[in-house]
Amino acid sequence: MAAFEAVVTVTLKPEILDPAGEATQGVLHHMGYAVRDLRIGRHIRLTVEAKDAEEAEGLAGQMAEELLANPVMETFRVEVSAL
Amino acid sequence: MAAFEAVVTVTLKPEILDPAGEATQGVLHHMGYAVRDLRIGRHIRLTVEAKDAEEAEGLAGQMAEELLANPVMETFRVEVSAL
Amino acid sequence: MRIGVVTFPGSNCDTDTLEALESLDVGVESIWYQDADLAQVDGVILPGGFSYGDYLRSGALAAKAPVMAAIRAQVEEGALPVLGICNGFQILTESGLLPGTLRPNRHGEFRCDWQTLRVVEASPFFPGLMPGELLRLPIAHGEGAFYVPPGTLATVFQQGEAWLQYVDESGLLNAVINPNGSMANLAGIKRGSVAALMPHPERAMADYLGSSDGRRLLSAWLKGIGQEGSYAG
Amino acid sequence: MRAEDVGLSQAEYQRILELMGREPNDLELGLYGALWSEHCSYKSSKSLLAHLPNRGEAVVQGPGGNAGVVRLAEGVEIAFKVESHNHPSYVEPVQGAATGVGGILRDIIAMGARPIAVADALRFGTDRPSMQLLEGVVKGVGQYGNAIGIPTVTGDIGFSSTYRANPLVNVMALGVRRPQEAIGAATAEPGQLLVLVGQRTGRDGIHGASLLASRDFDEESQELRPTVQVGDPFLGKLLMETTLQAVKEGLLGALQDLGAAGLTSAVAELCESSGVGAVLWLDRVPLREPGLTPYEIMLSETQERMLMVVPEGNLSRLQAICEHYEILATVIGEVTVGHQLIIHHHRVEEAHLNTTWLVGTAPRRPVDELWWDGLNSSATLDEALPEVPSFSVGLLLKVLSHLDVRDRWSVYRQYDSMIQTRTVLGPGHDAAVLKLRGLEPGIALTVAGPGRWTAVDPYAGGAGAVYRALSALAAQGASPLGLTDGINAGNPDKPESYRAMAMVIRGVADAARATGVPVTGGNVSLHNETQGEPIWPTVIVGAVGRHPRPEEPVRDRLSEVGERLFLLNPAPLNWGGSAAAWTTGQPTAYPRVDGDRARRVLEAVRDWVAAEHPRAMRVIGDGGLGATLVRLWVASEPSLGIEVQLAEKSPQEKTLRFYNESPLQWIAVLAEDDVDRAIAWWTRESLAYAELGRVTESGLCIVDGRYQWAYSDVMAVWHQAYKEVEA
Ligand SMILES: Nc1ncnc2c1ncn2[C@@H]1O[C@H](COP(=O)(O)OP(=O)(O)O)[C@@H](O)[C@H]1O
Ligand SMILES: [Mg+2]
């Protein structure tokens, strides 16, 4: 068993409204920045014990599916690295 | 000018408490996952116009400094890619 | 005397604050966040509640509003008295007019309740509010834990910036009574002519609402503005 | 597209063919599907709801509008209604609950009223996943209410495993307006413009009404899941201010919120209630993502939108207000003479329908009057008493930790209950009390509806919910102005579910009629059924009353040693539907009470309280007399105690007295000096009472001199947060 760092990036599906993103973008416009399509997601990092990277990735994916992301409105991506 | 995608990842400094992260980790434990050090940050993605990647990165960094991250408790990282 | 109450997009305690001031017989003016003209007012309140839905971080988006640049200029220039309530506190730390920041509550929940507070230090901006005095005021916030980086808390106290603390009903500091995990139980901070607190004095203007201590606090602030000469010190 | 794809039966499709004289195209079929859905047309319940009494002195607007309206005082009117958001809250608890709050607030705003209070009534299962759902829902209610700045001043929570896959999220909202600000959907006139204000339209919640909320939950509905609607309280606040400003300036000809079935139901209901037609230019509707079809635009349930009907001359002023608040306003159509709804998209006529067909002639299930008449006299359920446990110290602790009885504090402290500075009594009391500035009478409001009662007798439980709500008003000396009811039940196509729903409605109707309080609006949520298991039929009754002196509400705690405790209107000993009965596993039928007598008791108690202002009052609620005594006690100084003597002799009878939850009972706390006068009053009004005991300085609760509980023991069970449920 070894410790792995997993980063689960959870983002809203493109068709889902992101009120926080819109408000933030609006203020950036007021500040003079020409940005668009600003969307705010979650960056979740955790440490998990597994026998190899593959297993760690599997575990993190499972956690994302069951808890960290809500599949009706979000998608996620998992990246794993050894610690 | 070209469009670039910038991802600003904002994370809490290590010494800052993360109640949401703790709560999430607690639920994962209940569900039987042995995780630790779970921390939740923000994953902000946006599109910005710039003449090259370097300028795009500079702009995103500026936005992060001025608005997207609070330097008292957060740090950030910027990644830029062409669209 | 005229007091301006700023309305940011989505502000929701602005009306309560205007009404509280009116009940104290002071002239009031509602200031829209895009206005940069503060010539008509002797003091400004940044009200509580939410602004911009408190998206991103509470107070972060409002801190970039044009009116905040004007407030900053006047604060730096002379002594525009500014009082931040709850969200107003968050806006003031986000804009750097007050030290530190307000983290999400320790327990991760929004918390609405009654709370006893103790005055840490007297201030010329609040004549009559004496050190050790207790106030009972409502709190309502999700991000109210005052935080300054390690090693800087002592400075806050040394410089007289620690203003109000959460205490138990007998006035004692204790960790259990701390509603949000705030450092040193701090509930209010002041710096120069700027003061701010997480609790809501405008909600405690009559006994039938549970307390009149908000009336005491706001009256003291108005009195301080009335005696403007005292700021020089 | 086929009829089934939009939730219509073959018979309904045939009816459409008859009406139109041709086949509808896909868009037209979609509109029928939405408007003839259970959720929008009330096809199964409308004929039942028609039996609810809805007239009264104070009624300004009965059912039919977006919310009922009653008169509080000269120049002040109150709009209020309850709405459900059950299915969406199961799919996404935070957003489902948040958009539920946003939705009912827009109903109130659509009447020209400024929302000043929210009350949430929640029902969940009892397992750990249900507690997580609860956490999400509570977060969602708070997220929207707190951010938009409307206090959540009361609510209620109940539990049963039947709500596990069908949690209930019913939200009531209340607003105030001046009569000259009255507006609604019934006053649109030909030539006026249809202006869509607020959020850009996306693919959110398409088919939410027709499929998600109008069918049982099963494997199939997983696939039909519409895109989740996300609430934006920030935009909601801007939209609210914009709308109320436009109303105040008299700019609008009519006003309608966009709720279930979005633009479709907003336009159709507006046309139908105003007796006009409309032309829509869908290509003008601002979109959040490109490429939405006319079908999607018409059925999208994107939140934070309002439909304003504006005389052309007022348009520029309206646009100026919208610009100030940085909110979008777009002319998307025009009101026309007649009843035709014509929908264009890029100059192509995409649909041409008669709005009367869409709304007025929507099918409804008829009610056999004989059958209806029989509902309340149906053979009373088994009245034989089961084995009732003996009185014991342990039973009270068990009842106090029952999920339905516990302190709701862990939930309501997450809600801003004081914003707007009118809250004199907020959550944690039988009724909330609000004081309006510059007005003598205040508002008392409450919600009630234990599923435990309707579960064992839908009729008596429905009536009991009304009595319970009215008892809370009476305990404040407040006069009821109106009721709103949220009916939640299973699949109406199943005879037992349909009958249960009908019995609940009958119970509400009979109690409302007997007490003379009109029902001015409400909501029906059916198909709360998953894989064949329906929820307990559940009604949420909201009551609004005029409080005689809001600055001095009647308290609900003990204030000093020597105060005397009385049980007002003690009920015949009964076990039915009580938390104790469910705890020990042997619930029996909930008691039925005589309506005329209920009215007399309620009026007598209200008049007595208003005139004599007792030290404290508390309605006998969840957990019966025992739990109610505890609530009084723990709200007081811990040094105070209670000493009670029960008149009942046998240990079983004591248990029945201590835990029965029959309606229309109160604990009254009196100053020693007031006791004689109170007894004289009660006697004159033939109000029965039993002396319970007195307030002591022991810090203990003692019954019959031998059963005793310490403050800390009681708090340890009663004050637990819901998270601490056993797995
Ligand atoms: N249980 C009920 N009791 C009384 N009136 C009801 C009930 N259910 C619905 N109504 C009335 O029927 C009308 C339509 O309700 P609804 O479709 O929920 O309105 P909205 O579309 O604004 O949400 C409203 O006027 C409502 O008050
Ligand atoms: Mg409506």
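In what follows, chains carry the letters A, B, and so on, assigned in the order in which the sequence lines appear, proteins first and then strands, with residues in each chain numbered from 1.
Taken to the nearest 0.5 Å, the CG atom of A:L17 stands 11.0 Å off from the OG1 atom of D:T201.
Between D:R200 and A:E22 there is a salt bridge, with a side-chain nitrogen of the basic residue lying less than 4.0 Å from a carboxylate oxygen of the acidic one.
Residues of residues 32-41 of chain A lying under 4.5 angstrom from chain D, judged on non-hydrogen atoms, do not exist. Residues of residues 54-69 of chain A that come closer than 4.5 Å to chain D, counting heavy atoms only, are A:L67, ordered by residue number.
Of the atoms belonging to D:Q95, it is side-chain heavy atoms, and not backbone ones, that fall under 4.5 Å from chain A. D:Q132 touches chain A through its side chain: at least one heavy atom from C-beta onward sits under 4.5 Å away, while N, CA, C and O do not. Proximity to chain A involves both the backbone and the side chain of D:E92, based on heavy atoms less than 4.5 angstrom apart.
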* To do: Apply side-chain contact (heavy atoms from CB on, under 4.5 Å) to the pair A:I16 and D:V230, showing each step before the final yes or no.
  => CA-CA 7 Å; A:I16 300 280; D:V230 172; 3.5 Å; yes
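A heavy-atom distance below 4.5 Å is not found between the side chains of D:L235 and A:P19.
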